Amino acid sequence: MKNIYKTLLFLPFILLSAFLHCITNNQQLETYNASLISISLTIATFSISFSFLQYQFSPYKALLKATSKRQLTYSFLTILIALAPLLSLFIGKEYVPTVSLYTIPILAYMLIFLLIISNEESNPKYFLGRMLKNSAISTFIKQYDKRAKEHISHLKKLEFSKVDETPMHDFGESKYQTISVKNNPFDFITEVIEISIKNTDTNIFEQILDSFLNLINTTVNHELTDKSDFKFKIHKLVNNSFEKVAVIISEQPNSKNQQNTFLEKVGIFLKEKALNNEQTKEVYLNMIGSLTNFAKKILEKDNSDGALFVVSLNRQLAQKGIYEPPKDEENRFFELHLPTFPAQIKIVGQKAVELKNSDFLYRCLEELGYLGCSAIKSNHYHVGIECLQSLVQLGREARANNVKCFWRHCMLETVDHAEERIWWMLSWVTHLDEKSQEQWVDTFQTAYSRLRGYKREVQIASKDGKKVFSFKDTEEPHKESFSKENYYRTVDYSDFKEIKEFKLY
C-alpha cells in the first residue's frame, strides 16, 4: 500500500515536467544553463542533507546500528539525477534545458521521497514489520538453532568434570542462553520498549507490546520449534526476553501507566492460552513467574493495582483449569502444574508481609480463599492443598512479622483473617463424598494446627440432619518431625518465630 502511495505521489511531478517541456522554448533557456545545473545540484544536496537530519531528530536513532542501505541507494540515485544536466553538456549545451525541465521536478519529488525513507528507516514499527514476517522468523530460528548447536559443541569441550562427579543441578550446557544471532527480533523489541518508555511514546509502546506477544506466539508454535531438544532452547530464549522486558518496565520511574498496559496485554495473552488449556505449558508458567517478580517490584513502588492484577490473574488461570480441565485424561502434567498459580499468589503475599502492607496482604488471602473454595467444590486435591499451604504460610509469616490488620474497624489480626479463609474452604468439604471428606478433614486439621501453633482436632458431626464441624482445641504444641537419611528434625509450630515452610499433605 505504501509503495502504491509513493508511486502515485511521483505522477504529478512527471506530469509537471512534461507540461513545462511543452510550453517552454529551450533556445531561450540556454542562457540559464549554469543556473539550471546549480539548481539541480542544490536541490539534491538539500534533499540528502534533510533526509539524514531526520535521523538526528528521531527519538529511536539508538536503534540504528548503521546507515540504511535503502537510504544510501536512493541518495546515490538522487546525486546521479542531479548530475544529469551537467553530464548533458558533453552531448550539447542545447540539451541542458530539456534535461533540467525533467530533473528539477523529479528532484523535488526525491526531496519528499528521501524524507519518507528516512522516516521509515528511523521508525521501529517499520523495522519490526520486516523482522516479523514469517520468512524472517523462520530464518532467525534456523540461525539460532545453528548457533546453539555450534555453541554447545564448543562448550562440551570445556566440560572438565566426570559424569559421576558433576552436581545434579550443574549449570553445564545451559550457557547457550548467551547466544548472539544477527537481527534478533527479541533483542530489538527490548530496545524499542526501553526507548518508548523513556520518551513516553504510548502509541509505539502499545504497538510494540502487541508485536512482542505475537512474536512469542509465532516462535513458540513455529513448525521448526517442534523438535523437543530445540523447543527447550527456544523456550529459554522467550522466557529470558520476557523477563528482561518485565524488568525494564518495572524499573522505569513514573511508568505506572505503561506497567498497567503491559499487565493488561500479557493477561489477555495468557487467558487466551488458557482457552486451549495451555496455561500450564512450561513457557507460559515461566512467564507467570516473571510476572510475579514484576508484581513484587511494582508493589514496592506503590502500584498495588498492578500487583493485584497479577494475583487475580493467577487465581483466574487456576480456576479455568479447575472448571475445564483437558479432555485428555492422560494429561496428568496439567493437573500437577496447576498449583503453580496459588503458589505465585503466596510469593506476592510474602512480599506484602515484608513491606508490612496488610491491605495488599488481605487481598492475597482473599484471592487464595476464593480459589481454595473452587478447588474444594471440585475436589481438586493439588490446588486445594496449595491454597491451604499458602494461607497457613502467609498467616504464620504475618504473625512473626507483627503485620496488623489494615482496617481500623477490625479487631482481628492478619493471622485470624488467614484462618477465616481456611474456614471458607472447610465449609465446602461436606458437599463431597464420604471418603473425600475424611481425607480433607485430616489435611485441614494439620493446616489449622500449623497456623494456630497448637493442636486442633476437626470432626464432622450430624445435627438436625445436617453435617456440621466441631473443633477441639488443646494446649498441646503442634510439632511435626521430619527425617532424611541420618538427619532428623522436629518443628515446633508453637514457636511463632519459626516460619520454616514444609509441604502440606
Side-chain angles (χ1 to χ4, degrees), residues 292-293 295-300 302 304 307-308 310-311 314-315 339-372 384-426 443-458 471 473-482 484 487-505:
T292 297
N293 292 329
K296 290 164 62 178
K297 288 184 178 181
I298 64 176
L299 187 60
E300 288 181 340
D302 198 32
S304 57
L308 185 58
V310 175
V311 170
N314 276 282
R315 172 183 56 77
T340 300
F341 299 109
Q344 299 300 316
I345 297 176
K346 178 190 65 179
I347 292 172
V348 183
Q350 288 172 318
K351 185 65 178 181
V353 172
E354 178 188 326
L355 298 172
K356 292 188 180 296
N357 188 339
S358 62
D359 188 351
F360 189 85
L361 177 59
Y362 182 89
R363 312 303 165 193
C364 292
L365 296 175
E366 190 171 43
E367 297 281 347
L368 286 168
Y370 274 87
L371 176 56
I385 287 291
E386 192 60 47
C387 288
L388 274 178
Q389 172 108 30
S390 300
L391 288 168
V392 169
Q393 189 62 24
L394 289 178
R396 293 173 62 212
E397 291 187 19
R399 179 174 55 204
N401 286 274
N402 198 30
V403 179
K404 303 294 183 180
C405 180
F406 70 97
W407 194 27
R408 62 182 180 179
H409 295 289
C410 181
M411 292 297 292
L412 297 179
E413 298 287 353
T414 304
V415 66
D416 298 325
H417 288 303
E419 186 173 323
E420 277 185 321
R421 275 113 193 103
I422 293 177
W423 164 248
W424 290 359
M425 294 175 61
L426 179 61
T443 300
F444 273 92
Q445 188 168 272
T446 303
Y448 271 120
S449 300
R450 284 187 177 186
L451 181 62
R452 297 170 66 87
Y454 295 88
K455 285 190 175 181
R456 163 174 277 191
E457 295 179 3
V458 182
F471 301 99
D473 296 325
T474 69
E475 294 183 0
E476 180 184 353
H478 178 68
K479 297 180 181 180
E480 294 182 24
S481 298
F482 302 86
K484 182 179 181 182
Y487 299 95
Y488 181 86
R489 183 184 177 189
T490 297
V491 178
D492 184 355
Y493 286 90
S494 64
D495 178 5
F496 293 153
K497 293 299 180 182
E498 173 62 78
I499 57 173
K500 171 67 177 178
E501 181 178 11
F502 289 97
K503 178 64 179 175
L504 179 66
Y505 294 98

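This one's a predicted model, so the numbers in the text were calculated from it and none came from an experiment.
- Summarising the geometry of Gln389 relative to Leu504, their closest heavy-atom pair is OE1-N, 2.6 Å, with the distance given to 0.1 Å.
- A donor-acceptor contact shorter than 3.5 Å links the side chain of Asp416 to the backbone of Glu413.
- Leu361 has its side chain out of reach of Phe406: every pair of non-hydrogen atoms, C-beta onward, lies at least 4.5 Å apart.
- Crowding of Lys351 atom NZ: a count of heavy atoms from other residues, nucleotides or ligands under 6.0 Å exceeding 12.
- Considering all non-hydrogen atoms of both residues, Val403 and Thr414 come closest at O-OG1, 2.8 Å.
- Across Leu308 and Arg363, no two heavy atoms sit closer than the pair CD1-CB, 3.6 Å.
- With a 6.0 Å cutoff to the six-membered ring centre and a 45° limit on the axis angle, Lys500 counts as a cation-pi contact of Phe502.
- The side-chain heavy atoms of Cys364 and Val311, taken from C-beta on, include a pair separated by under 4.5 Å.
- For the pair Ile385/Lys503, a side-chain contact is recorded, criterion being any heavy-atom separation below 4.5 Å from C-beta on.
- Judged purely by atom type and a 3.5 angstrom limit, Arg396 has no side-chain atom pairing as donor or acceptor with the backbone of Gly453.
- Distance alone, capped at 3.5 Å, is enough to place a donor-acceptor pair between the Lys497 side chain and the Ala400 backbone.
- Side-chain contact between Tyr493 and Val392 is absent, with no heavy-atom pair separated by less than 4.5 Å.
- Among all heavy-atom pairs drawn from Gln445 and Arg456, the shortest one is CG-O, 2.9 Å.
- Of all heavy-atom pairs spanning His417 and Cys405, the tightest one is NE2-SG, 3.3 Å.
- Heavy-atom contacts from other residues, nucleotides or ligands closer than 6.0 Å to NZ of Lys479 number 12 or fewer.
- In this structure a side-chain-to-backbone donor-acceptor pair under 3.5 Å is missing from Ser494 to Tyr454.
- Distance alone, capped at 3.5 Å, places no donor-acceptor pair between the Glu386 side chain and the Gly372 backbone.
- Two residues are said to be in side-chain contact when any heavy atoms from C-beta on lie closer than 4.5 Å; Glu498 and Val491 meet this criterion.
- In terms of heavy atoms, Gly395 sits closest to Ala418 at CA-CB, 3.9 Å.
- For the pair Ile347/Lys296, a side-chain contact is recorded, criterion being any heavy-atom separation below 4.5 Å from C-beta on.
- Screening Glu397, Arg399, Arg452 against Val415 for a side chain to side chain contact (heavy atoms under 4.5 Å, CB included) leaves a single residue, Arg399.
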